[in-house]
Number of protein chains: 2
Amino acid sequence: MIIATAQQFDEAVKAATTMHELDDLLHDITREMGFQHFALSHHVDVPRAPQPALRIHNYPGDWEAFFDAERLGPSDPVHRASHLTNAGFHWSMLPQLIVLTRRDEEILAKSRKAGLTDGFTVPAHIPGESAGSCSFASARGKTPRREWMPLAQFIGATAFEGARRLVGVRRIDQDRPRLSDRQRECIYWAARGKSDWEISKILGISHDTAIQYMKEARGRYGVGNRTQLAIHALFDGALTFTDALRR
Amino acid sequence: MIIATAQQFDEAVKAATTMHELDDLLHDITREMGFQHFALSHHVDVPRAPQPALRIHNYPGDWEAFFDAERLGPSDPVHRASHLTNAGFHWSMLPQLIVLTRRDEEILAKSRKAGLTDGFTVPAHIPGESAGSCSFASARGKTPRREWMPLAQFIGATAFEGARRLVGVRRIDQDRPRLSDRQRECIYWAARGKSDWEISKILGISHDTAIQYMKEARGRYGVGNRTQLAIHALFDGALTFTDALRR
DNA sequence: GAGCTATTCCCCAGAAATGGGGAGTTTCAA
DNA sequence: TTGAAACTCCCCATTTCTGGGGAATAGCTC
């Protein structure tokens, strides 16, 4: 039965075409899991974020107002804790995950007062994107059963992924430039901070040739410098962070 | 019953004190979910990684040998795909997640030949740490039921978290460089391909000052050029791709 | 007040990147 | 066989980056 719920949710999310639909789905599943509230969001200061950020929730309005007024997006203790793990966690575990400052205690007290007594948060991190999470919260005296946590973990991850798709956080690579092997190798080393001269030595080619490949690669991506080149290659998957950060 | 399995696993992982115990737990649960193999690892070239990296698995020995010989840790198509999502995915979804090169096709063919016919991978990303994942694979003709995927998502995340705890992967959250506002703004524009001179005009400061902030930012991250600077900032979340790709 | 950081400005010299030009071979497909 | 694309090398001029100095103001903390 629980499994059926999970699968239905997964399929419904994949079929959703608007954030509004996703919102509805989260609404329903939240209740079904025994929670009262959900909040799926990027950990940024949403009202002031320069780029489009995710946020759908049904938290109490006054909590949202407080949250935004205090710019808690990046500093909320639940969010901070979610930056240290990839597994979902009960809010009761917070003290084991981060050091709670006085300010944090105030925030938590305030959230309890707003009707968010207990909760479960599923982190959602993707290299190069804003940190995010999907939380489920319950009001006083309505503690959801521990048995639902594995389901919540799945629901949170699935919902976040669906939201990313709907908002178009990352368009799966469509018109990606085709790179030659040598061009790719040059980008790889350039992203690791190598100069054209160093790249030429690594690849055993002349300095001029390395420069040439970098020129061509910039041309393929339509960018004018190696920083943008590396970032585009990272974004479209031609490179990974593990490539670029290795030293 | 499935829920009971998940909970038991969760508790057992939390109680485990050695990687060996975790290995055993994964062994059992893998079978219980209808898979034959599991692999929990960081996406690095494990034998050559300078820092401690996670890897426990029961993949066939010849596959592991091939994997290491070819240094697939960072470039394996399944791993690459897992860098683009936070939700678990079937390997059959790979073509929708990344562009499969001929090399990728070869790798996948090789893995099938080694007995890894189909599988399900749960990404595990934490800002500032190596990308990782927990995969479950099945041999020919033994396709695990879709119903188990929500469970697999939970198991993968839980197991990865347990492994991190056991290995003592320290979160470099604390060591993440602290940037001043101006430094961050300079990185932001530099990642968007602006020169120091352009940045100075945008921020309304002198050219020299922009150069100065870039120097300091490089110093904070311990890197020597703006490409690495941008990549590091992207990786640890100080920047996002949405920032860097905007034109 | 001493010490720290952020912010702002300045100078210099060498290294590196960028944009422009050209030209040969090989390989693979139409 | 004709052509496209990859791979390789070379030259030039200009711009940009990087690393090394130094210094003033403001604000905050111990």
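So that the names make sense, note that chain A is the first sequence line, chain B the second, and so on, each numbered from 1. Just so you know, these numbers use all the heavy atoms, side chains as well, and skip hydrogens, waters and symmetry mates. Computed from a predicted model, the values in this text were never measured in an experiment.
Separating the CD atom of A:Q228 from the C1' atom of D:dT16 is a distance of 16 Å, rounded to the nearest angstrom. One atom, CZ of B:R226, and another, C1' of D:dT15, lie 12 Å apart when rounded to the nearest Å. Taking atom CZ of residue B:R218 and atom C1' of nucleotide D:dG19, one finds them 8 Å apart after rounding to whole Å. Atom C1' of nucleotide D:dT16 and atom CG of B:N225 are separated by 13 Å, given to the nearest angstrom. When the C1' atom of D:dG22 is taken as reference, atom CD1 of B:I211 falls 15 Å away, rounded to whole Å. In this entry the distance linking NZ of B:K215 with P of D:dT16 reads 17 Å, nearest Å. Atom CD in B:Q212 sits roughly 14 Å away from atom P in D:dA23 (whole-Å rounding). Rounded to whole angstrom, the span from the CH2 atom of A:W197 across to the P atom of D:dC9 amounts to 15 Å.
For the OP1/OP2 pair of D:dC7 and a distance below 4.0 Å, the side-chain nitrogens and oxygens of A:S180 include at least one atom meeting the criterion. One finds a side-chain N or O of A:S206 lying less than 4.0 angstrom from the OP1 or OP2 phosphate oxygen of D:dC9.
For A:R182, counting side-chain heavy atoms from C-beta on, the closest listed nucleotide (D:dC10, D:dC7, D:dT18) is D:dC7.
Inspection of the B:T227 and A:T227 side chains reveals an N or O donor paired with an N or O acceptor under 3.5 Å. For the 3.5 Å distance criterion, the side chains of A:T121 and A:S135 qualify, holding a donor opposite an acceptor. Counted by atom type alone, A:Y188 and A:R184 present zero donor-acceptor pairs between their side chains at under 3.5 Å.
Protein chain B touches strand DNA chain C; the 5'-most and 3'-most nucleotides with an atom under 4.0 angstrom of its non-hydrogen atoms are C:dA6 to C:dC11.
Contacts of A:R220 with the nucleic acid, taken as non-hydrogen atoms under 4.0 Å apart, involve only primed sugar atoms and P, OP1 or OP2. Among the atoms of the strands shown, none is found under 4.0 Å from any heavy atom of A:Q183.
Of the options A:T117, A:L108, A:L116, a side-chain contact (heavy atoms from CB on, under 4.5 Å) to A:W91 is made by A:L116 and by none of the others.
A:E185 and A:R182 are joined by a salt bridge, as a carboxylate oxygen and a charged side-chain nitrogen come within less than 4.0 angstrom of each other.
A donor-acceptor pair under 3.5 Å links the side-chain atoms of A:E161 to the main chain of B:N86, judged by distance alone.
Residue pairs meeting the salt bridge (charged side-chain N to carboxylate O under 4.0 Å, His left out) criterion with at least one member in residues 205-232 of chain A, sequence neighbours excluded, are A:D196-A:R226.
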